[in-house]
Amino acid sequence: MSVISITRPTNVYDDEPSDIEMSDVEESGELKKESAGESIVTPGELVTDDPVWMKGHGTYFLHDQTYSSVAGSVSRVNRLLSVIPLRGRYQAETGDHVVGRITEVGPKRWKVDIGCKQDAVLMLGSVNLPGGVLRRKSESDELQMRNFLKEGDLLNAEVQSIFSNGSASLHTRSLKYGKLRNGIFLKVPSSLVVKSKNHSYNLPGNVSVIVGVNGYVWLSKSKQGASSTTSATTNKAQAAFDSSSSGYNPGQGSVSITRLEEESSWEIYSDKNESISNSVRHTITRYYNVIKALAFGELGITEQRIIMGYEASLAYEDVGSLIDKEAMESICQDVINSEKMRG
Amino acid sequence: MELYSPEGLRIDGRRWNELRKFECRINTHPNSSDGSSFIEQGNTKVICMVQGPMEPVLRSQSNPNQANIEISITIANFSTTERKKRLKNEKRLVELKATLERTFEQSVMCKLYPRTVIQVNIHVLAQDGGLLAGITNAITLGLIDAGIAMYDYVSSISAGLYDTTPLLDLNTLEENDMSTLTIGVIGKSEKLALLLLEDKMPLDRLESVLAIGIAGGHRIRDLMDEEVRRHGNLRLSKVNV
């Protein structure tokens, strides 16, 4: 039965309208295999009728044919066929460096919002507690969990594993992870964060940034001597030595290494901010707006781009004016231009 | 007032098998929601915003086996010709919500998102017939934008019977004077995810009404698909720069 419909005339899209596919479904199945690298598929669309492909995320299998279940681009890895959605929530993967916020304190665990479909779990056993890295967790630790981390606290952590139901388990068993202080929180779309070896950077102007893979960003004042403690390669003994040397106070006399470690560990969970000078506060705000501008322009966020954006933003005297639409656009344009210059 | 003239024209000048102007936009509110859409079906205008899948606020909302879909509908006071205050728990709205939740629990792959909730917020800005159809189409687009896995599009359209002639896509004037059937078609198939008939219709005429409804649903699906592809290609081109 025919239907009359009148629509506004539109310019022809590069992806030809779907009317054609309707008439020759048999052929389009074959055709798509070649062209699917660039074009997108929509829910219910036949991706392939070849049963050799394994069915990955974003697909479903019905009557020996594989259909797409989301709108996105087809990805083929060896024999695995999956459809990557255009948008969607962050999906945690083992090893991701993420920033999160505590939402709940439960029995032997914290629930952490990391922008995932479900809240992640941080077990009491997978955090560093005061009094030695490798000590057993006692009942008293369980009772004072709120003294370490309470609802609303921000922390950075690594995804340890993914449970079968899709929720993530985190750990903070390294000196670079733990509670966050002395800074400001910012959220960008997780699709914009480019995965790399390292996600915490020291930026010019005495500011550090942690760009979580989940799109949660933490901008803070750099720690004194942070360059040595944050590097991932230092072994445990080295790390302990570093923390003891930074926490060393002349005049207090010599204290044993373990005692110092304990003190510095308690310091990890402190809620007090250090004093932050006005100029550092300004720089942090400037970086905040630069990252916001990059997200506005839908540019991937990398250390290089943040620094280039920061340099471009120096043309604006007033930090507050950076959130104007024109300013954001011009910063993005500057970043793209200077990237082209470097090649 | 003549709803269907002997020459075959309806009150707004359409033929019996003619759709009203259908416009849709996807990803209209990228910062405030995971997925969003806006549709215009004639003068009916609906905004849809989808949040989730996300951790439920209350424990009672979480189901260990599948996602919970929660739909809330707000109908603006100014959406009809006379201004009217509407209560949130009006009986009609509660029923509409239940119908929609049942429809989408079948079409969305809820099993993939256990212990989560998918919150769908609907705002009806203007209504001119085909309210349920418009809301269904808006939710379909919103869910696609949010990247939530679905078996296929659910495209919905209303159809009525005037004397012996089936009419497609009724407006308010027509809806008030004849029995209306709203259907939700799954993709390009002839399967229905939604079927709502609030008054009587002769059984021997039902088939012809259903047939024009399904054909109309397929057309709506194509129009929505076009918009999803347009938006998708736009996004891809931005990523590949």
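Per chain, numbering begins at 1; letters A, B, ... match sequence-line order.
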Can you say whether [X] sits under 4.5 Å from chain A via the side chain, the backbone, both, or neither, judging by heavy atoms?
{"X": "B:Leu223", "answer": "side chain"}
{"X": "B:Ala146", "answer": "backbone"}
{"X": "B:Tyr113", "answer": "side chain"}
{"X": "B:Pro64", "answer": "neither"}
{"X": "B:Leu168", "answer": "side chain"}
{"X": "B:Asn27", "answer": "side chain"}

Practice prompt. Among B:Ala215, B:Pro56, B:Ser62, single out the residue with the greatest number of heavy-atom pairs under 4.5 Å to chain A.
Written response: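 Result: the option with the highest number of such pairs is B:Ala215.
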
Item to complete: Considering only heavy atoms and a distance below 4.5 Å, find which of B:Arg14, B:Met109, B:Lys21, B:Arg20 pairs most often with chain A.
Response: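 Of the candidates given, the most pairs with chain A belong to B:Met109.
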
Practice prompt. Can you see which heavy atom on B:Leu195 is nearest to which on B:Ile183, and at what distance?
Written response: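 Minimum heavy-atom separation between B:Leu195 and B:Ile183: CD1-CG2, 3.4 Å.
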
Which bit of [X] comes within less than 4.5 Å of chain B, counting heavy atoms only: side chain, backbone, both or neither?
{"X": "A:Gln118", "value": "both"}
{"X": "A:Pro43", "value": "both"}
{"X": "A:Lys187", "value": "neither"}
{"X": "A:Ser2", "value": "both"}

Discussion item. Is there a side-chain hydrogen bond (donor to acceptor under 3.5 Å, both in side chains) between B:Asn137 and B:Tyr153? Walk through the geometry before answering.
Written reply: CA-CA 9 Å; B:Asn137 293 333; B:Tyr153 284 84; over 6 Å; no

Worksheet item: In Å, rounded to the nearest 0.5 Å, how long is the span from CD1 of B:Ile71 to CD of B:Gln119?
Response: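 These two atoms lie 9.5 Å from each other.
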
Worksheet item: Could you go step by step and tell me if B:Asp163 and B:Tyr4 meet the side-chain hydrogen bond (donor to acceptor under 3.5 Å, both in side chains) rule?
Response: CA-CA 9 Å; B:Asp163 204 9; B:Tyr4 192 63; over 6 Å; no

Worksheet item: Under 6.0 Å from the six-membered ring centre of B:Trp16 and within 45° of its axis: does the NZ or CZ of B:Arg10 meet both?
Response: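 The answer is no, since B:Arg10 fails at least one limit relative to B:Trp16.
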
Worksheet item: Cation-pi between A:Arg101 and A:Tyr216: NZ/CZ under 6.0 Å from ring centre and within 45° of the ring axis?
Response: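 That pair does not qualify as a cation-pi contact.
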
Worksheet entry | Pick from A:Gly88, A:Gly44, A:Ser69 with the largest number of heavy-atom pairs that fall under 4.5 Å of chain B |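 The residue among A:Gly88, A:Gly44, A:Ser69 with the greatest pair count is A:Ser69.
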
Item to complete: Against chain B, work out which of A:Leu192, A:Asp119, A:Val70 has the most heavy-atom pairs shorter than 4.5 Å and name it.
Response: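 Among the listed options, the one with the most contacts to chain B is A:Asp119.
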
Sidechain-backbone polar pair: [X] side chain, [Y] backbone, donor-acceptor under 3.5 Å:
{"X": "A:Arg305", "Y": "A:Gly300", "result": "yes"}
{"X": "A:Asp324", "Y": "A:Glu326", "result": "no"}
{"X": "A:Thr42", "Y": "B:Asp225", "result": "no"}

